[in-house]
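Presented below is the structure to which this report refers.
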Protein chains: 2
Amino acid sequence: MTQSSQTFTDVLSDSLAILQAASLRKTQSRVELLKALIAQHGPFSVEELHQQVKFKKVDLATVYRCLTVFESVGLVKRCDFGDGVARYEIHHGSSHHHHHVICKICRKSENIDDCEVQRLEQLVLSKGYSQITHYLEFFGICQKCS
Amino acid sequence: MTQSSQTFTDVLSDSLAILQAASLRKTQSRVELLKALIAQHGPFSVEELHQQVKFKKVDLATVYRCLTVFESVGLVKRCDFGDGVARYEIHHGSSHHHHHVICKICRKSENIDDCEVQRLEQLVLSKGYSQITHYLEFFGICQKCS
DNA sequence: GTACGTGCAAAAAATTTGCAACCAA
DNA sequence: TTGGTTGCAAATTTTTTGCACGTAC
């Protein structure tokens, strides 16, 4: 697993530290969401996350708002799997750059840890763009579905 | 330009042939949409396409329905730029595999014609997935916006 | 105490669907 | 003729926003 070098508790406290460093309050909603994001390896859709936290009285609108904030401070990464639903996964110190393979049928994803795309970013740089990032996803049909 | 090896007319008639080969009718809405998709290099959002064809009495729902059909026969490619809006670009014989750089601010895109990612697909293949495709987009800020 | 955040409800944006009329083959 | 398509309207789905209240610091 990508994030096994740190325990759940480590990642959570690091995440909370990032929140506080950004002058963001440690509210129950945010803590619950972070716990959900860290406990299982995402990416999760907003709806999936809401399912996990709504019994703690966390509203769907709050989920949207928290995820937006989390993304702005780099706590989560937004992923788009081409189906019109935004997904988020936790991002922390020991979670390195990676991509996903998404099953075209069940929509489950698996990590792809290799990435040779940095070189291509040079090309983009030479076209005059700055602050370049890239987004790479693989689509296929997993064994269970085929 | 990517598709300059064929003229507008060539690409349009090829596209219409694909439609007919798939037993899909050559309706005015579909022709107008294809013309819009071919005339300028996309990708276009559904809304942008609708703006281009609505004076021809093509309804927004029809745009959605046509694009879904076009995608299912490989006439267009769906692109997600991570902003929750689906975009489509024409795909035809002489339009080769490519990616985009998307400006984080104006959302305009430019083609990236190099792709070395095929090798990575081998890795995905070895994980038991079939019918693998990949999706790669670059994000950055273009000169005009920075 | 004072912002910042939240719940709730309503609005907005994006997409899908039902159905009668239309039209391409 | 006739079944695939469309326009229109309504319904869903996804996301955002306004506002008064709650709460972290």
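Here is the naming used below: chain letters follow the sequence lines, and residue numbers restart at 1 for every chain.
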### Message
For a quick test of reading the model, state the closest non-hydrogen atom pair linking B:Lys56 to B:Gln28 and the distance between them.
### Response
CD-NE2, 4.2 Å
Show me the donor-acceptor pairs within less than 3.5 Å that the side chains of residues 64-74 of chain B make with the rest of the protein, sequence neighbours left out.
residue : atom : partner : partner atom : Å
B:Thr68 : OG1  : B:Tyr64 : O            : 2.9
B:Ser72 : OG   : B:Val69 : O            : 2.7

### For the student: nearest non-hydrogen atoms of B:His50 and B:Leu60, plus distance
NE2-N, 3.4 Å
### Task
Any pair with a residue in residues 11-23 of chain B that passes side-chain hydrogen bond (donor to acceptor under 3.5 Å, both in side chains), sequence neighbours left out, goes on the list, sorted by first then second residue, please.
B:Gln6-B:Asp14
### Query
Residues two or more places apart in sequence or in another chain: which of them pass salt bridge (charged side-chain N to carboxylate O under 4.0 Å, His left out) with B:Lys35?
B:Glu32
### Message
I'd like to check the side chain to side chain donor-acceptor pair (under 3.5 Å) partners of A:Gln52; sequence neighbours left out, ordered by chain and number.
### Response
A:Gln40
### Task
Using five pairs at either end of the helix from C:dG1-D:dC25 to C:dA25-D:dT1, determine the angle between the two local helix axes and round it to 10 degrees.
40°
### Message
Once rounded to the nearest 0.5 Å, what's the spacing between atom CG of A:Asp10 and atom OG1 of A:Thr7?
### Response
3.0 Å
### Query
For residues 60-76 of chain B, which residues have at least one heavy atom under 4.0 Å from DNA chain C?
B:Leu60, B:Ala61, B:Tyr64, B:Arg65
### Task
First locate atom CD1 of A:Ile38, then atom NE2 of A:His92, and finally report the distance between them rounded to the nearest 0.5 Å.
7.0 Å
### side-chain contact (heavy atoms from CB on, under 4.5 Å) involving B:Ser45 - partner list, sequence neighbours excluded
B:Glu47, B:Glu48, B:Val85, B:Arg87
#### Entry: Heavy-atom closest contact (A:Leu12 atom, A:Leu34 atom, distance)
CD1-CB, 3.9 Å
## Note on the structure
On a heavy-atom basis, the closest approach of B:Leu49 and B:Phe44 is CG-CB, 3.6 Å
#### Entry: Close approaches to DNA chain C from residues 45-55 of chain B, in residue order (heavy atom, under 4.0 Å)
none
### Task
Mind checking the NZ-CG spacing from A:Lys77 to A:Leu37? Nearest 0.5 Å is all I need.
13.5 Å
### Query
Looking at residues at least two apart in the chain, or sitting in another chain, which of them share a side chain to side chain donor-acceptor pair (under 3.5 Å) with B:Lys54?
B:Gln51
### Query
Could you walk me through whether A:Leu24 and A:Arg30 pass the side chain to side chain contact (heavy atoms under 4.5 Å, CB included) check?
CA-CA 10 Å; A:Leu24 295 168; A:Arg30 287 174 180 169; 3.7 Å; yes
### Message
For A:Asp59, give me all partners under side chain to side chain donor-acceptor pair (under 3.5 Å), at least two apart in sequence or on another chain.
### Response
none
### Task
Could you list where the contact with chain A starts and ends along DNA chain D, reading 5' to 3', using a 4.0 Å heavy-atom cut-off?
D:dT14 to D:dC25
### Query
Counting only non-hydrogen atoms, which of residues 13-34 of chain B are less than 4.0 Å from DNA chain C?
B:Gln20, B:Arg25, B:Lys26
